[in-house]
Amino acid sequence: MTKVYEGKVAHLAINQLSLEVEKGEFIAVMGPSGSGKTTLLNIISTIDIPTSGDILINGTNPLHLAKNDLSLFRRRQLGFVFQDFNLLPALTVEENMVLPLTLDGQPVELMKEKVREIAEHLDLTAILEKRPSEISGGQAQRTAIGRALIHEPAIILADEPTGNLDSKAAKDVLEILTRVNQVSQTTIIMVTHDPIAASYCDRVLFIKDGEFFNEIYKDDRRQTFFQRILNVLSLLGGNVNDLSTIRLS
Ligand SMILES: Nc1ncnc2c1ncn2[C@@H]1O[C@H](COP(=O)(O)OP(=O)(O)OP(=O)(O)O)[C@@H](O)[C@H]1O
Ligand SMILES: [Mg+2]
C-alpha cells in the first residue's frame, strides 16, 4: 500500500509497502521518527485509508464494508492500545474496561463476569472503582489492555504501548501481551522505539521513509535477538551506543 498525505506540500508517508502477518504472530514495527509507523497502524486499523493498495483482514477488506458493519468489525476484531492510554477520565477502571461491551449493548451480568476474569489476569481487581487520575501509568496501561481484550479481538494494534512507562511497568505490559499472544493466539502488531520491547516479539519489521528496510525473526535467546535488533537499528541510523551494553533481565 501507499499513503500520501495531501496538503500544501503532499507527503509520501508509506511507499509501496507490502506486509503479511500470520494469525497468532507477535510483530514489532520499528523505524525512525516520521518513518510512517503510526500511519501504517492507522491504516491497518481502518482509522485512516490508503491512497492505493488494499488491506485484508482474515480475507475481509474493511473498506468494502458499509459504515455500520465497519464500526462493528472494528470493535469486534480489533483491540487498540496507545502510548497515552486513552482512558476516559470520568469513568472508573471497570467502566473503561467494559466500554466496548457497553457500546454493544451486552447484558450487565456478562460484562461483570468478563471484567472479573480480565482484572484478575491484569492485577487490577483492587482498583476497579478508581478513576484514571487515581492510578499509576502501569495500571492505566493495563486497564487500556483490559479494554482492548474484553472483546477477545483477533488483532491487537499497539502504538508505543510502553512509551510512557518505567521499565518495571513496561516489562509487566510486555509479559501480558506475550501471554495473550500465546494463550489466545491473538495477533499483535506493536510499534515501538524500544529494542527491549521489540525483543519480546516473533519478528521485527524495520521501516525507513515509509519503505521496507529489513526484517528479522527471533531466535532461541532473547539476548541475541536483542543484539540483532540493535545491529539493524545502527544500520538505520541514530545513536544506539548507549544501549549496546544493556543486558536483558
Ligand atoms: N495527518 C497528516 N497530514 C500530513 N502529514 C502527516 C500526517 N500524519 C503524519 N504525517 C507525516 O507522515 C510521516 C509519517 O508520520 P507517522 O506519524 O506515521 O510517523 P511515525 O513513524 O509514527 O513517527 P513517530 O516515531 O515520531 O511516532 C511524517 O513525516 C509526518 O509528518
Ligand atoms: Mg508514531
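Note that ligands are numbered from 1 as they come in the structure, with each ligand's atoms numbered from 1 the same way.
Residue T38 holds the heavy atom nearest to atom 17 (O) of ligand 1 of all those in L40, T38, D209. Across M30, K37, K3, heavy-atom proximity to atom 21 (O) of ligand 1 is greatest for K37.
Using a 4.0 Å cutoff on heavy atoms, P32 counts as a contact of ligand 1. Within the structure, the closest approach of G36 to ligand 1 falls below 4.0 Å when heavy atoms are considered.
For the 3.5 Å distance criterion, the side chains of D159 and Q83 fail to qualify, holding no donor opposite an acceptor. Y5 and T51 share no side-chain donor-acceptor pair at under 3.5 Å. With 3.5 Å as the limit, one finds a donor-acceptor pair spanning the side chains of S199 and R222.
Within the 2.8 Å limit, T38 places at least one N, O or S atom next to the Mg ion (ligand 2).
For ligand 1, the atoms sitting less than 4.0 Å from at least one non-hydrogen atom of H11 are 11 (C), 12 (O), 13 (C), 28 (C), 29 (O), numbered in the order shown with element in parentheses. Close approach of ligand 1 to A13 is summarised as follows: ligand atoms under 4.0 Å from at least one heavy atom of the residue are 12 (O). Close approach of ligand 1 to S35 (heavy-atom distance below 4.0 Å) involves ligand atoms 19 (O), 21 (O). Every atom of ligand 1 with a heavy atom of T39 under 4.0 Å away is listed here by number and element: 14 (C), 15 (O), 16 (P), 18 (O). Atom numbering of ligand 1 starts at 1 in the shown order; those under 4.0 Å from a heavy atom of H193 are 25 (O).
Counting protein heavy atoms only, atom 6 (C) of ligand 1 is closest to Y5 CD1, 3.2 Å.
At a distance under 4.0 Å, no protein heavy atom can be found next to atom 30 (C) of ligand 1.
Counting only distance, with no hydrogens or angles, the side chain of E211 and the backbone of K208 share no donor-acceptor pair below 3.5 Å.
When each of R76, K114, Q77 is checked for a side-chain hydrogen bond (donor to acceptor under 3.5 Å, both in side chains) with E152, only K114 meets the rule.
Between K37 and I207, some side-chain heavy-atom pair lies under the 4.5 Å cut-off.
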